[in-house]
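Written out below as structure tokens is the structure these notes cover.
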Amino acid sequence: MTSPDDLEARLLALGESLDVPAPPPAEVARAVRARLESLPAPDRDLAPAPDRAPAPDGPSSRRPDDLPRTPVRRAWRRPGPGPGVRLRRRMVLSAVAVLVALFLGGTPVGRAAVAEILRFAGVELRIGDPGPQPSGMPVPLPGERRVTLEQARGQVAFPISVPTELGDPHEVRVSDGGRVVSLLWPGVRLDEYDGTLEVVFRKELGPPWPEEVYLGPSQAQWIPARHGLTYLPRGGGTAPLRPRSAGPTLIWQSAQAGLRLEGVDDLQRALRIARSIR
């Protein structure tokens with residue numbers, strides 16, 4: 001008597017030898033039945049199911065649903081990767097994800113890669129994770145020196161404006177060969193600079209995020225919280241200065257100059273000062 005394993009092997013070999021279109025037509029069933037009936041009698045004699053007694057007329061009267069079930073094989077389908085291959089792929093992808101996360105979150109290059117960068121009025125705003133606030137004493141700008149307001153106007157290539165809301169500055173400084181003019185009052189600083197072609201300052205910003213505001217028809221950026229500020233020397237030939245901590249700042253453009261007003265905590269007062277520029 002043929003064992004169920006032998007029968008399964010014969011049926012699988014039979015299925016692979018037939019050219020069966022999908023879905024299979026009714027003729028296929030008749031072809032399979034004819035092929036089975038052509039086998040020697042011992043191969044066709046199957047033992048009755050253990051929970052069912054044989055019919056009175058013998059094994060030949062068994063119904064088709066009494067045949068052992070065999071798995072369906074389709075030659076036109078490529079088998080997928082085995083469990084081991086799928087597990088290795090998941091492990092590799094997980095390792096890559098961890099390395100990318102560590103790179104993006106744990107290094108300065110990574111933080112810069114995920115930050116949004118906005119360039120406005122000669123200032124580069126890097127919006128994202130700013131890291132710890134800079135500490136230490138502020139470093140003077142390159143070539144910084146004290147001058148009078150009239151001397152400053154003769155040493156720069158852009159017009160110097162003074163806000164009437166604050167009155168005459170207590171101190172005036174010119175830096176980096178006339179690239180920057182700084183007007184100072186107690187607790188307040190107004191930097192005016194040639195910011196038409198190059199980035200002059202870089203700001204590292206986290207929440208609360210900068211806010212877009214307007215000075216009449218002109219756009220401005222309001223930075224409400226303390227942040228890191230770095231000066232980028234002219235032409236990029238020397239390394240940037242050590243970052244310093246800067247207070248709330250309003251940034252805008254006026255004619256050929258960029259302006260940054262630092263040290264005024266209230267936005268409405270900062271706007272009034274900016275509108276009083278003459």
Side-chain angles (χ1 to χ4, degrees), residues 108 112 117-127 130-163 165-206 210 220-265 270 273-274 277:
I117 296 178
L118 172 66
R119 291 183 175 89
F120 176 78
V123 180
E124 180 179 277
L125 307 177
R126 295 194 172 190
I127 305 170
Q133 280 284 327
S135 59
M137 296 295 296
V139 178
L141 300 184
E144 183 176 297
R145 63 188 186 278
R146 295 179 61 176
V147 296
T148 67
L149 185 59
E150 292 305 316
Q151 288 173 335
R153 286 190 168 118
Q155 296 177 20
V156 300
F158 52 87
I160 299 176
S161 303
V162 179
E165 183 79 12
L166 295 177
D168 292 336
H170 291 202
E171 189 175 328
V172 179
R173 300 176 185 175
V174 175
S175 307
D176 207 356
R179 190 189 189 200
V180 181
V181 172
S182 302
L183 311 181
L184 293 96
W185 298 263
V188 179
R189 178 186 183 116
L190 176 63
D191 289 320
E192 305 182 29
Y193 48 89
D194 182 4
T196 56
L197 298 178
E198 295 181 327
V199 174
V200 181
F201 294 96
R202 176 187 299 151
K203 293 176 178 287
E204 306 284 344
L205 307 178
Q221 292 287 335
W222 168 245
I223 302 171
R226 298 198 68 84
H227 55 277
L229 175 70
T230 304
Y231 178 75
L232 307 179
R234 183 193 299 271
T238 58
L241 298 187
R242 186 179 68 211
R244 71 172 178 87
S245 180
T249 303
L250 181 69
I251 305 168
W252 73 101
Q253 185 90 29
S254 177
Q256 302 171 343
L259 299 95
R260 58 175 303 276
L261 176 66
E262 178 188 346
V264 180
D265 296 340
I273 293 172
I277 288 286

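Numbering of residues begins at 1 and proceeds along the displayed sequence.
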Measure the spacing between [atom1] of [X] and [atom2] of [Y] and express it to the nearest 0.5 Å.
{"X": "Tyr231", "Y": "Glu144", "atom1": "OH", "atom2": "CD", "result": "10.0 Å"}
{"X": "Arg202", "Y": "Arg126", "atom1": "CZ", "atom2": "CZ", "result": "4.0 Å"}
{"X": "Phe120", "Y": "Gln253", "atom1": "CZ", "atom2": "CD", "result": "7.0 Å"}
{"X": "Leu259", "Y": "Trp252", "atom1": "CG", "atom2": "CH2", "result": "5.0 Å"}

Are any of the side-chain heavy atoms of [X] and [Y] separated by less than 4.5 Å?
{"X": "Asp168", "Y": "Leu149", "value": "no"}
{"X": "Leu141", "Y": "Asp176", "value": "no"}
{"X": "Pro210", "Y": "Trp222", "value": "no"}
{"X": "Thr230", "Y": "Pro243", "value": "yes"}
{"X": "Leu250", "Y": "Val264", "value": "no"}
{"X": "Thr249", "Y": "His227", "value": "yes"}
{"X": "Leu125", "Y": "Ile251", "value": "yes"}

Under the salt bridge (charged side-chain N to carboxylate O under 4.0 Å, His left out) rule, collect the residues that match up with Arg226, sequence neighbours excluded.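 For Arg226 there are no salt bridge (charged side-chain N to carboxylate O under 4.0 Å, His left out) partners, ignoring immediate neighbours.
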Heavy-atom closest pair, residues [X] and [Y]:
{"X": "Pro233", "Y": "Arg179", "answer": "C-NH1, 3.1 Å"}
{"X": "Asp194", "Y": "Val200", "answer": "O-CG2, 3.7 Å"}
{"X": "Pro248", "Y": "Pro224", "answer": "CG-O, 3.4 Å"}
{"X": "Ala152", "Y": "Val174", "answer": "CB-CG2, 3.8 Å"}

Between Val162 and Leu183, does the side-chain contact (heavy atoms from CB on, under 4.5 Å) criterion hold? Intermediate values first, please. CA-CA 8 Å; Val162 179; Leu183 311 181; 4.1 Å; yes
Side chains of Arg145 and Gln155: do they bring a donor and an acceptor to under 3.5 Å?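 Yes.
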Walk me through whether Glu171 and Arg146 qualify under salt bridge (charged side-chain N to carboxylate O under 4.0 Å, His left out). CA-CA 7 Å; Glu171 189 175 328; Arg146 295 179 61 176; 3.5 Å; yes
Which residue pairs pass the salt bridge (Lys or Arg N to Asp or Glu O under 4.0 Å) test when at least one of the two sits in residues 251-260, sequence neighbours left out?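 Only Asp191-Arg260, Arg260-Glu262 qualify under salt bridge (Lys or Arg N to Asp or Glu O under 4.0 Å).
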Please report the C-alpha distance between Glu124 and Ile117 in whole Å, then the side-chain angles of each, then the deciding distance to 0.1 Å, and finally whether the side-chain contact (heavy atoms from CB on, under 4.5 Å) criterion is met. CA-CA 7 Å; Glu124 180 179 277; Ile117 296 178; 3.7 Å; yes
State which residues pass ring-ring contact (aromatic ring centres under 6.0 Å, His included) with Tyr193; sequence neighbours excluded, sorted by chain then number.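 Listed in chain order: Phe201.
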As a test of understanding, state which of Arg189, Glu192, Arg173 forms a side-chain hydrogen bond (donor to acceptor under 3.5 Å, both in side chains) with Ser182.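 Running side-chain hydrogen bond (donor to acceptor under 3.5 Å, both in side chains) over Arg189, Glu192, Arg173 with Ser182 returns exactly one hit, Arg189.
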Ile277 vs Leu190, side-chain contact (heavy atoms from CB on, under 4.5 Å): CA-CA, chis, key distance, verdict: CA-CA 11 Å; Ile277 288 286; Leu190 176 63; 4.0 Å; yes
